[in-house]
Amino acid sequence: MTYGQIESGDIPMIWHIVRKEIFENLLSLRFMLSLILIISLFAASSFIFVGKYKQQSQDYWEKTNKNVADLSKNLGRLNDLAFFEQQIFHKPKLLALCVEGYEKSFPNYVKFNIFTIGLPEVKASVNFTLPYFSDVNWVFIISLVLSFVAFVLTFDSICGEKEAGTLRMMLANKIPRYKVLLGKYCGAMLTLCIPLLVGLIVSLIIVITSNITGISGLEWLKILVVVILSLLYLSLFVFLGVFVSCRATCSANCMVVLLLMWVSLVILIPSLGRTASNMFSETPTRVELNRKLYETERQMWDNSDKFGKNAGNSYADANDPRMNLPARARLYNALTNAKNGIIEDHHNKMTAQALTGRNFTCLSPTAVYQRASEAVAGVGIGRCTDFYRQAKRYQMNLKEFIRSRDAEDPDSRHLIFDEDNSRGAFDWRTISKRPVDFSTVPKFDEQDLGLGHSLKLAIWDIVLLILFNLVFFAASFVSFLRYDVR
Amino acid sequence: MKERESGMIWKIAKKEFLLNLMTFKFAVGTILCVVLIAVFVPVLANDYQQRLQKYSQQVTNNEAKLRQVKAYRVLTPTLFRRPQVLSVFSQGLEKRLGDSAKIGFGIIPDFDMIPEINAGPAELNPYLSIFSTFDVLLIFKIVISALALLVAYDVVSGEKEQGTLSLTLSNRVARAHILMGKLLAGALTLAVPTTVAFIVGLLLLLGFPSIDLQASDWARIGIMYIASLAFVLAVYNVGLLFSCLTKSSALALVLGLFFWVLAIVVIPNGSVYLARRIHRVPDVETRNEQIESVRGQLRHEWSEKHNELPQGGGAYAAEGPFGGRGHWYIIVCDPAEAEYWKKGASLEMSLNSKYGRKLWEVEHAYVEGLLMQTQLARSIGMISPTCLYDNIMSALAGTNMADFQAWIASAGTYRQTILAYIRNKTDDLRDLSYITQSTEAERIAWAKGGEFSKGAVQAASEHTLPLNLEDLPRFTYSTGVTEGLRRGAADLILLFVFNIVFFSLSFAAFQKYDAR
């Protein structure tokens, strides 16, 4: 027999093992139970998602149309546009089907005019008496139930065969150990893929046939990335299961260790986040925010002369010599900028506090996987920050629009600043009062992040997941090579 | 004969118990549990200690402000909710509900009027809702219940596989006794980690200087211990049933684990989910509109009735210690207008009770709507022993919604107490002392000196000493063992029923079990 012949004889061997594993798994009760549980969970979650998405879209469009309608109704002149307070809301996302990212209790709306932008707030009926819970969606099912199934499928993969005595027989053949290991791994992964893929397909069919919305190319790509992430996540659990199975003396003990590992990794460590966040940083409060705003305002008023003489004075006649309108504009703009900065800072502190806790929980692959999928699907805390950023960018655009229109009007003083008096009481003509065409006004539309950008956000988590895989693979590999099959 | 039978049960139990103690799973489960408790109880206790500190500081501040009250009109203290020491065991809603209530009356001219009792959810960082709560309950709920399942799964089917079951049955021992023995053994085995965890947790807790447990706390901890045992036994019984139903222990384990995932993960999440779908919570916008409309009515009625008062109101006022708009009392006023202030005070009070109540009702109806959803979620969750256990523990720890409601109700009673106290002191508001302490002479001096008679104001301020509120009843609130037990009783009974049902099922299954 030449070397080449052995090679060609070996390749089907690994395939034999994989096939044997799959068939063995498929016929087992545990597989049937998992299949039923998982598919029913996927189906239930999709039906519920469809209902929720419809409701959310309806609410969203109602509120958004109201905002646009109010805008057009109040839009007589350019200065009205400048002072009009817009209210914008989070757009419901189709990819919340994959992962919801706890957005139901996050701030989902912000109020602004071209000068000031408020703190994002929760505009929904949130029941504060309900316990914290996560919606059932793909990532929830995969991270909790499928990871568990991965352990259930692998706990006896090595030590179970040893107990049955079949491992010796297999190794008595000319097959290298690593191939046996890979065969076991592939068998378990392919078995896991069956409920996963069937569940995903059922879920997608439910969503597509319900006709709520089309799935765009970008969304398909993102779904694909989430599926790949899920496979990476499940694969590390399979490796871990095989590893522990190599180390354990009997399959019962192996199950014990795996169960307790699962409890720690999937449930306990992720729930430590809140404690960690509270330990490492104080929760920023409204009282604190208001105090800061008040103090900054007072300080600026006390030093109002810094912006020019008489900046603090206000009279009905814009040409009154006791008044200095340009200086006043500078004062007010500095004031609104400072306030906006403080509010943004407050918001950043809130998100930072949550992210600190989350970094802490990244000892658990479940938290890493959830974070990565949220980044890819464009939901969660990252989305909230991005929404706020987009709102600010829109605000700038609108301001630029007003500035350029204002520049065309020779009657205007071209002083774009926000003071109650200049809005109505006094006719200072700081901003042009020419009529403005509604169709030319830029409107807000929340944009999804592109795939590249999303992946960039998730890159470290993906690296971590791969790292977890490599570590557990290496561990199981070494353990199995030195395994005593007797 | 009877004695021999019970002796047999005990023998089997002892054998099983000793065997269990030697197993790997028992060692790993117990160690994990103790380590988790040892690491996290200090963290949780520290958190409690900080909250307690904040609470005492707030109470002290409030007390200090009470000593500065110079007229009954500004006697509007804030009430604080004492953090529950047992929240270390079960956090429940402790941190999500507000920890203070503002009592509102006597601030009518300020139309931002608050309801009778103003207390709502605590201000939290919304982004932190990505994390679930962590407490000792979670460790018990998950680790010890998993251990219970691991102890139970091979109790019958495992012995069958080894062949020892047929040996045992070949003796003259009744099947019922064997099963009883196994149940007893399971209870004893699981009592070990539960007891150790409780003892370690309590020792660590007592190590904190500011934590001292009252007799009622000890009683509640005792009941918590019993509930924990009942819970782990319930999971054990489920495992036992699967073990009696299957031929192989591996199958029993797989079935048990699926039950466990359902009970721990799927049902608690799913029940909340379903409840949210079935019962919609009242709309917050509607509530805000209702509040606005009540305030509108109040404004209207005030301005209408205010016109009927004898005109006037020339007075020198100062802000009361508790702060806020409309929170003022009078240092000195025009004697001719004293009548205005007297009538104003009683109008203020009558409108206040009317609209304060209305606002409170709006708030209350809103919260009741939320509670119905929560109640529904609880009812759906009752099919899982985990949810039952959760409810019992939070009821005993005094951290569930019922406790918060009771606290609000007691704040309402205290409001009535203060109101009665004020009415008593001011001759049912007919006395001017409700709003000012100035003497007739000072008022005349002030009126003579014209509107800005600084000397008269100074004399009156010097004369206005803080009220002696020694005899004002202070707000106290405490939950006893009985309340906790009453609130958790239904769940506790259900948990026992769950145990009995599953044991009877195993009993029936074991009678027919083929031991070959």
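Protein chains get the first letters and strands the later ones, always in sequence-line order, with residue 1 at the start of each.
At a 4.5 Å heavy-atom cutoff, the contact between A:K104 and chain B is made by side-chain atoms alone. Interface remark: A:I141 contributes no atoms to any contact with chain B (heavy atom separation under 4.5 Å). Within the 4.5 angstrom heavy-atom criterion, only side-chain atoms of A:T361, from C-beta onward, approach chain B. Heavy-atom distances place both the backbone and the side chain of A:T351 under 4.5 Å from chain B. When heavy atoms are compared at a cutoff of 4.5 Å, B:E285 approaches chain A solely by way of its side chain, counted from C-beta outward. Only the backbone of B:P282 comes within contact range of chain A, with at least one heavy atom under 4.5 Å from a heavy atom of that chain. When heavy atoms are compared at a cutoff of 4.5 Å, A:T129 approaches chain B by way of both its backbone and its side chain. Looking at B:K95, only its side chain comes within 4.5 Å of chain A, counting heavy atoms on both sides. The parts of B:A146 that come within reach of chain A are both its backbone and its side chain, each placing non-hydrogen atoms under 4.5 angstrom from that chain. With a 4.5 angstrom heavy-atom cutoff, B:L147 does not touch chain A via any of its atoms. Only the side chain of B:V261 comes within less than 4.5 Å of a heavy atom of chain A; its backbone N, CA, C and O stay farther away.
Within a 6.0 Å sphere centred on CD of A:E163, other residues, nucleotides and ligands contribute more than 12 heavy atoms. Few gaps surround CD on A:E121; more than 12 heavy atoms of other groups in view lie less than 6.0 Å from it. Within 6.0 Å of the CZ atom in A:R247, the count of heavy atoms belonging to other residues, nucleotides or ligands does not exceed 12. Heavy atoms of other residues, nucleotides or ligands lying less than 6.0 angstrom from CE of B:M382 number more than 12. Residue-environment remark: NZ (A:K66) stays at or below the threshold of 12 foreign heavy atoms within 6.0 Å.
Chain A forms more heavy-atom pairs under 4.5 Å with one residue of B:L255, B:V284, B:V272 than with any other, namely B:V272. Comparing A:I48, A:L41, A:L144 by heavy-atom pairs within less than 4.5 Å of chain B, the highest count is held by A:I48. Heavy-atom pairs under 4.5 Å with chain B peak, among A:L355, A:T275, A:I267, at A:I267. When each of A:Q55, A:Q370, A:R274 is scored by its heavy-atom pairs under 4.5 Å with chain B, the top score falls to A:R274. Of the listed residues (A:I381, A:V149, A:L33), the one with the most heavy-atom contacts under 4.5 Å to chain B is A:L33. Counting heavy-atom pairs closer than 4.5 Å to chain B, the top-ranked of the candidates A:V152, A:L268, A:T283 is A:L268. For the options A:K349, A:M279, A:E103, A:R286, heavy-atom pairs under 4.5 Å to chain B are most numerous at A:R286. Note: B:L370 leads B:I142, B:L370, B:L149, B:V254 in heavy-atom pairs under 4.5 Å with chain A.
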Show the numbers, then the answer: is there a side-chain contact (heavy atoms from CB on, under 4.5 Å) between B:L128 and A:N278?
-> CA-CA 9 Å; B:L128 285 189; A:N278 286 329; 3.9 Å; yes
Give the intermediate values and the outcome of side-chain contact (heavy atoms from CB on, under 4.5 Å) for residues A:S34 and B:F258.
-> CA-CA 8 Å; A:S34 335; B:F258 275 100; 3.4 Å; yes
Worked verdict on B:L257 versus A:M255 for side-chain contact (heavy atoms from CB on, under 4.5 Å) = CA-CA 10 Å; B:L257 288 178; A:M255 191 65 233; 3.5 Å; yes
Verdict with reasoning, B:Q373 to A:L130, per side-chain contact (heavy atoms from CB on, under 4.5 Å) | CA-CA 8 Å; B:Q373 194 184 53; A:L130 271 183; 3.6 Å; yes
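Looking at B:F131 and A:L272, their side chains never come closer than 4.5 Å, going by heavy atoms from C-beta outward. Two residues are said to be in side-chain contact when any heavy atoms from C-beta on lie closer than 4.5 Å; B:V265 and A:F148 fail this criterion. Side-chain contact between A:F128 and B:L93 is absent, with no heavy atoms from C-beta onward closer than 4.5 Å.
Here the closest heavy-atom approach between residue A:S271 and residue B:L138 is recorded as OG-CD2, 3.4 Å.
Annotation: salt bridge (Lys or Arg N to Asp or Glu O under 4.0 Å) contacts of B:R287 (sequence neighbours excluded): B:E363.
Heavy-atom proximity under 4.5 angstrom to chain A picks out B:L32, B:L36, B:F40, B:V43 from residues 31-47 of chain B.
B:N125 contributes a side-chain N or O that, together with a main-chain N or O of A:M350, makes up a donor-acceptor pair within less than 3.5 Å.
The side chain to side chain donor-acceptor pair (under 3.5 Å) analysis of residues 126-138 of chain B, with sequence neighbours excluded, yields the pairs A:S105-B:S129, A:H347-B:Y127. Counting only residues at least two apart or on different chains, the side chain to side chain donor-acceptor pair (under 3.5 Å) pairs with a member in residues 258-277 of chain B are B:S145-B:W260.
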